[in-house]
Protein chains: 2
Amino acid sequence: MSATELKDLAPLLLKKERAGGDVNPAELTAVLRVSVAKNARRKELLKIIENHPVLSDRDMLYRNHAQRYNYGIKKAYNYAKLIEEKNITDPWDQQVLYSALGEPTGVDVHRSMFIPTLENQADEEQQKKWLLKAKQFKILGAYAQTELGHGSNVQGIETTAHFDKASQQFIINSPTLTSRKWWPGGLGKTANHAIVHARLFLDGKDFGVQAFLVQLRSLENHQPLPGIEVGDIGPKVGFQSVDNGYCAFHNVRIPRENMMMRYAKVLPDGTFVEPKSDKLVYLTMVQVRAYLIESFGLMMGMATTITTRFSAARVQGRRPTGKGEFQVLDYQNQQYALFPFIAISYAASFAGRSMNQTHDDAVDIIKSGKGSFGSKLAELHAVSSGLKAWLAPHVSDGIETCRRMCGGHGFTNSSNLGHIFAEVVGANTFEGTFDVLVQQHARYLLKVLVSLPFKNDEASESNSTSFLARTKQYLDPSLRCKAQKPEDFADFRLLLQAFEVRAARIIVRLAKQMQATNNDGNACMVLMSRASTAHAELMLLEAFVKGLETIPAGASKTAVSKLCALFGASLIVNSLGDFREDNYLSSAQADAARQQILRLLPVIRKNAVLLTDAWDFTDFELNSTIGRYDGDIYRALVQRAADEPLNKTQVAESYEKYLKPLIQSDL
Amino acid sequence: MSATELKDLAPLLLKKERAGGDVNPAELTAVLRVSVAKNARRKELLKIIENHPVLSDRDMLYRNHAQRYNYGIKKAYNYAKLIEEKNITDPWDQQVLYSALGEPTGVDVHRSMFIPTLENQADEEQQKKWLLKAKQFKILGAYAQTELGHGSNVQGIETTAHFDKASQQFIINSPTLTSRKWWPGGLGKTANHAIVHARLFLDGKDFGVQAFLVQLRSLENHQPLPGIEVGDIGPKVGFQSVDNGYCAFHNVRIPRENMMMRYAKVLPDGTFVEPKSDKLVYLTMVQVRAYLIESFGLMMGMATTITTRFSAARVQGRRPTGKGEFQVLDYQNQQYALFPFIAISYAASFAGRSMNQTHDDAVDIIKSGKGSFGSKLAELHAVSSGLKAWLAPHVSDGIETCRRMCGGHGFTNSSNLGHIFAEVVGANTFEGTFDVLVQQHARYLLKVLVSLPFKNDEASESNSTSFLARTKQYLDPSLRCKAQKPEDFADFRLLLQAFEVRAARIIVRLAKQMQATNNDGNACMVLMSRASTAHAELMLLEAFVKGLETIPAGASKTAVSKLCALFGASLIVNSLGDFREDNYLSSAQADAARQQILRLLPVIRKNAVLLTDAWDFTDFELNSTIGRYDGDIYRALVQRAADEPLNKTQVAESYEKYLKPLIQSDL
């Protein structure tokens with residue numbers, strides 16, 4: 001490259017941005033990453049992956065599904081060897097390392113579902129037999145619940161397990177086309193065992209869906225065992241490196257001891273023993289959701305870090321007056337679209353943290369055997385449903401919007417935004433779809449409403465539905481928001497009241513409609529979605545406001561407060577139909593909320609790069625040519641293009657056979 | 001497969017849906033596909049592709065970028081041979097065939113940009129030299145405008161073309177890192193020529209950006225010519241089968257005759273001859289946009305056809321009363337999300353058709369040399385900008401939402417929804433990003449507003465801005481929508497007035513803000529977006545209402561009218577903040593609009609399958625396991641999975657090296 005080619009403005013622009021703000025990113029990193037020490041450990045672990053000859057691979061997007069699967073297994077193997085050799089046993093450490101592989105692998109579900117199921121649902125004897133082996137990757141498991149015909153409706157599962165008393169075996173069958181297991185990760189090519197959900201039959205009587213451990217493949221040569229049809233379901237939008245699979249069972253026999261026996265049991269004589277309580281199972285689900293909510297914050301943080309840096313480094317369009325071009329970050333539309341996503345990343349992170357805290361508290365209560373455990377669990381379950389329902393689409397759409405905000409360079413895979421989107425967007429489907437979750441959430445809110453007025457101990461307890469104690473006051477149609485000018489929307493008490501009023505009114509309306517339709521949930525589903533959304537947004541804003549308290553006073557805190565104020569005003573403007581109902585907000589106030597957003601944009605812009613720097617993602621983690629910390633994005637794009645396999649030769653293989661005959665034809 | 005396995009409800013459910021509606025899809029097909037004859041020809045041509053040994057290939061999603069590129073060239077070669085052998089010369093026929101390849105190829109831009117540029121910007125001598133060869137694929141061209149550092153801002157282009165009088169040559173250079181050409185389709189590996197946009201210098205003086213024909217590769221062996229660095233930019237979100245490329249020029253000399261000379265010219269003595277008029281160039285751009293708008297309708301039609309059929313064939317969740325499970329199409333949320341997208345497909349199709357008509361009228365005017373051609377062109381350009389800005393995100397987000405509505409099966413690539421999304425979503429970036437287009441559109445609206453009151457001949461002419469003649473009346477803050485009950489929102493005159501009032505008020509507000517900010521476009525950009533959106537939605541609703549007139553009276557027309565009414569009500573509810581400004585809609589009316597949507601859902605549901613059948617997509621075109629006409633979706637999923645390359649062997653190649661050592665370790 002010649003000297004003139006080296007002249008490039010982009011890195012200078014990013015330096016300028018950092019010099020122009022007053023946020024101290026390290027101060028915020030300590031909050032977003034739990035603590036300075038945790039973050040230091042995280043980066044130490046990341047370095048191990050970055051320096052590893054195999055695990056540092058980031059060439060996945062040059063590969064097709066089959067190639068990605070096989071390379072993923074190579075990574076899984078190297079990961080297993082790494083934690084063994086370095087004796088890394090702490091689950092948090094392991095998770096950081098595994099997450100740093102850059103893509104999921106065929107052992108994802110083995111780690112996240114198969115082992116936890118053995119831990120939670122296998123009895124002691126079963127754990128002795130399988131748990132250590134599973135942790136050592138000697139048996140590799142799938143979690144086979146979903147079928148071709150049934151996903152979220154577990155009660156519709158068609159796979160059967162008939163108990164044969166004579167042989168003391170269950171006979172597993174896939175009796176219909178739609179009953180074959182379909183989708184489980186790792187089932188296609190990796191797993192040699194699976195937790196299989198099947199309908200239990202004892203003497204022809206249906207005892208509902210139970211979990212069984214079924215060996216699928218030989219431990220000698222990995223061939224499928226007799227009666228088992230198993231394979232990969234083919235390429236998908238995301239998870240291309242995972243062998244999501246199918247499986248059909250034809251009279252497959254397993255020992256009686258292979259039913260998960262911690263709760264329900266089948267005795268040798270064929271007696272069914274009812275489970276005592278499976279609330280711990282619920283708790284695992286809540287934990288998975290809390291983890292998901294925090295990771296939505298991280299993924300949104302990655303996408304906004306890349307996009308903010310690109311927007312600062314990229315110039316486009318001459319300024320109408322004076323010299324030079326606009327940075328893309330100068331554009332009002334870019335700020336208007338981008339900054340609320342930065343706010344969402346913070347809000348989701350705070351909300352996830354708070355969910356995790358509540359979860360841990362619940363576990364403590366259970367262990368101590370005291371306290372109103374049941375109601376806390378119900379709240380946690382409902383609230384996590386609502387937050388997941390809101391965040392999954394908002395964060396995945398947010399990532400995709402970020403990608404579009406980076407124009408053509410965002411469309412290139414080396415931006416990594418397409419990859420992040422593809423890996424996140426599946427979360428709209430797994431762990432409950434929007435439609436299922438908002439119903440769970442809304443039905444919980446209705447229950448709380450019915451229980452009004454709260455008893456003393458409930459009312460004093462601060463929880464996500466305390467605001468419903470003020471329902472009567474909020475229903476008053478003469479109630480008006482007190483904002484008089486745009487900046488009044490930066491008052492968090494005023495903001496929170498607006499969200500409480502809106503949520504309370506929609507929940508009450510839902511209650512009335514449920515009554516009017518004789519509890520026809522389906523006829524009220526759109527309203528249920530509105531109720532869930534209204535409460536989720538209230539909770540996110542509350543979590544953000546509460547999260548601010550964990551930041552030391554000063555310029556950094558002030559900057560994050562502005563982001564929080566933007567979050568509130570943006571949510572209002574996006575749902576003005578709700579907030580203006582019964583003129584709680586007047587037409588003029590709605591306009592003031594719009595003005596408030598425009599007022600905040602340049603204020604936040606000053607610190608936008610630093611607010612995303614605060615996540616402290618390494619360049620290796622972001623894996624983005626256009627999201628580099630140093631802003632040297634154009635050189636990175638050029639260099640990364642050299643890795644494209646098509647560029648290994650000047651002339652592609654299709655030339656000789658197809659292009660040459662066209663070009664040199666004598667037509 | 002055993003007899004019990006064959007028992008499957010899905011096909012029966014789809015039959016039931018078709019039997020339950022009263023729409024005659026053939027009647028609508030004749031409208032959506034222009035005519036019965038056109039549609040018959042289309043299907044005849046599709047059959048040729050479907051029966052072709054190479055061109056019928058639909059295995060692209062098993063391939064990585066390099067493999068897809070090479071296979072795409074194989075398709076391009078076979079396509080070229082096909083039209084030659086069958087002597088298919090009609091451009092419409094060719095386009096139908098080429099579009100049926102299932103993916104773009106390395107000759108896309110050669111066909112859609114390189115050849116048209118020669119046709120429009122080359123003079124007669126140049127056309128004689130290159131045009132036939134290009135049409136015969138003997139020279140293969142790219143369209144190299146975009147650079148690493150500059151996309152939509154063409155004036156920022158850095159590539160230089162210095163005229164050397166002595167040799168009568170231009171010397172082409174890439175003087176900076178950011179000046180290399182970046183993104184052009186077909187540039188990486190396919191093209192041996194390119195239209196290169198470069199800044200013309202004559203005696204050191206800058207004459208702005210001009211177009212040049214540059215040979216890139218040898219016609220003998222396809223090696224890059226001296227001074228040319230060229231290659232592929234790597235994998236992307238979509239267009240994986242296209243070799244989007246980069247190119248840097250180092251003192252590359254081309255003859256003076258290689259500048260595109262139809263408009264601007266450089267004479268042998270180095271004199272620059274100003275172009276007379278390049279309005280025809282504009283017209284090409286408008287034509288591309290009109291085509292794009294119609295194809296948005298088609299793509300939305302594909303996605304909604306697949307999703308509606310899947311929703312009908314899929315059951316999920318037991319009914320609270322009585323027997324059986326809900327079809328997914330029974331769910332209020334599914335209807336609420338899906339049906340407006342069916343409406344968008346119709347609206348876009350009608351709007352695109354109308355755009356094409358106006359374009360053809362403009363061409364007639366030009367040819368006749370009479371009439372107010374300039375103002376018509378300005379309107380067309382602005383209006384196509386606004387429609388494209390609205391449709392690109394709504395249609396791509398709509399396809400992605402459709403995909404999510406199909407749950408896990410939508411996430412599988414064999415649904416084809418991920419592929420359709422990936423191919424469409426790039427349209428948010430190419431042919432102008434949202435931010436650029438809404439400004440062009442909004443600035444045009446401001447110009448029209450300033451020209452008020454219209455002169456007689458303008459006011460009598462019905463065009464997209466005629467409603468601005470009623471601005472004064474619409475600004476009256478005491479003006480109220482006349483709806484008294486939900487069904488009043490099915491009155492198209494009432495609906496259209498609401499959209500006109502909203503658009504007029506936002507445009508006037510924008511005008512005031514522009515004045516207040518001293519014409520600072522950037523400070524008004526969010527408002528410009530609102531103005532463009534408001535006008536685009538008005539135009540789409542108008543086009544839909546007008547489109548209804550082309551459907552013969554009867555049940556089919558009634559059903560489409562309901563869809564149109566839903567479209568209007570949905571748009572209102574999505575932007576209640578706008579419609580409630582100054583209480584044009586009251587809180588109660590806003591609620592009535594919401595009620596109207598819920599009332600329409602079961603009405604539309606009755607014909608939903610037939611309304612999408614009306615597009616008459618063949619199963620081959622849809623290429624979707626879950627979107628089959630016959631509803632036999634589960635069998636299709638199972639059969640398609642067998643094609644996955646990982647399933648060619650029971651044990652994947654990574655087993656021996658990586659899984660076996662883990663499973664059989666003696667740890």
Side-chain angles (χ1 to χ4, degrees), chain A residues 4-5 8 61 63-64 66 70 73-74 77 136-138 148 151 153 175 177-178 183 189 222-223 231-237 316-317 332-333 336 404 407-408 411-413 418 428-429 435 522 525-526 576-577 580-582 587 634 641 644-647 651-655 658 662-663 667, chain B residues 4-5 8 61 63-64 66 70 73-74 77 136-138 148 151 153 175 177-178 183 189 222 231-237 316-317 332-333 336 404 407-408 411-413 418 428-429 435 522 525-526 576-577 580-582 587 634 641 644-647 650-655 658 662-663 667:
Chain A
T4 50
E5 279 195 298
D8 174 20
L61 297 186
R63 303 185 185 116
N64 62 34
N70 282 310
I73 291 298
K74 184 175 173 181
Y77 168 81
Q136 290 174 341
F137 299 98
K138 286 177 163 183
L148 195 48
N153 176 20
L177 171 65
T178 48
W183 258 108
K189 293 289 163 184
H222 212 56
Q223 289 290 332
D232 184 283
I233 64 167
K236 299 137 296 184
V237 170
Q316 187 77 292
Q332 195 183 53
N333 266 7
Y336 188 80
R404 291 180 202 168
F411 201 72
T412 314
N413 279 347
N428 286 283
T429 306
D435 295 338
N522 192 25
M525 220 166 153
V526 168
L576 275 177
R580 289 219 49 214
E581 264 188 28
D582 290 332
S587 189
Y634 295 115
E644 162 57 43
L646 279 174
N647 294 331
V651 176
E653 64 177 56
S654 49
Y655 166 74
Y658 304 115
L662 286 177
I663 294 167
L667 242 180
Chain B
T4 51
E5 280 194 299
D8 176 19
L61 296 187
R63 303 183 186 118
N64 62 35
N70 282 309
I73 291 299
K74 183 176 174 181
Y77 168 80
Q136 292 175 338
F137 298 99
K138 286 176 162 182
L148 195 48
N153 177 19
L177 170 65
T178 47
W183 258 108
K189 294 288 164 185
H222 212 56
D232 184 284
I233 63 166
K236 299 136 294 184
V237 170
Q316 187 76 293
Q332 195 183 52
N333 266 6
Y336 189 80
R404 290 180 203 168
F411 201 70
T412 314
N413 278 348
N428 286 282
T429 305
D435 295 337
N522 192 26
M525 220 166 154
V526 168
L576 276 177
R580 289 220 49 215
E581 265 188 28
D582 290 333
S587 188
Y634 295 115
E644 161 58 42
L646 277 175
N647 293 331
Q650 287 286 2
V651 176
E653 65 176 56
S654 49
Y655 166 74
Y658 304 116
L662 285 177
I663 294 167
L667 239 181

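Per chain, numbering begins at 1; letters A, B, ... match sequence-line order. Only a predicted model underlies this, so the values are computations on that prediction, with no experimental measurement involved.
- The backbone N or O of A:Glu581 lies less than 3.5 Å from no partner atom in the side chain of B:Ser587, so there is not a single donor-acceptor pair.
- Ranked by heavy-atom pairs under 4.5 Å with chain A, the first of B:Asn333, B:Val237, B:Val651 is B:Asn333.
- Using a distance-only test at 3.5 Å, with no hydrogens or angles considered, no donor-acceptor pair links the side chain of B:Gln136 to the main chain of B:Lys138.
- Between chain A and the options B:Val526, B:Asn428, B:Thr412, B:Asp435, the largest number of non-hydrogen pairs under 4.5 Å is found for B:Val526.
- Of the listed residues B:Ala652, B:Gly234, B:Pro235, the one with more heavy-atom pairs under 4.5 angstrom with chain A than any other is B:Pro235.
- The heavy-atom pair separating A:Gly577 from B:Leu576 by the smallest distance is CA-CB, 3.5 Å.
- Between chain B and the options A:Trp183, A:Phe411, A:Tyr77, heavy-atom pairs under 4.5 Å are most frequent for A:Phe411.
- Both the backbone and the side chain of B:Phe137 come within contact range of chain A, judged by heavy atoms closer than 4.5 Å.
- When B:Ile73, B:Asp232, B:Thr429 are compared by the number of non-hydrogen pairs under 4.5 Å with chain A, B:Asp232 comes out ahead.
- Residues A:Lys189 and A:His222 approach most closely at O-NE2, 2.8 Å, considering heavy atoms.
- With a threshold of 4.5 angstrom between heavy atoms, A:Tyr336 approaches chain B through side-chain atoms but not through N, CA, C or O.
- Of all heavy-atom pairs spanning B:Leu177 and B:Leu148, the tightest one is O-CD2, 3.5 Å.
- For the residue pair B:Met525 and A:Gln332, the shortest heavy atom distance occurs at N-OE1, 2.9 Å.
- Of the listed residues A:Gly418, A:Pro645, A:Ala66, the one with more heavy-atom pairs under 4.5 angstrom with chain B than any other is A:Ala66.
- In terms of heavy atoms, B:Thr178 sits closest to A:Tyr634 at CG2-CD1, 3.4 Å.
- Heavy-atom distances place the backbone of B:Arg63, and not its side chain, under 4.5 Å from chain A.
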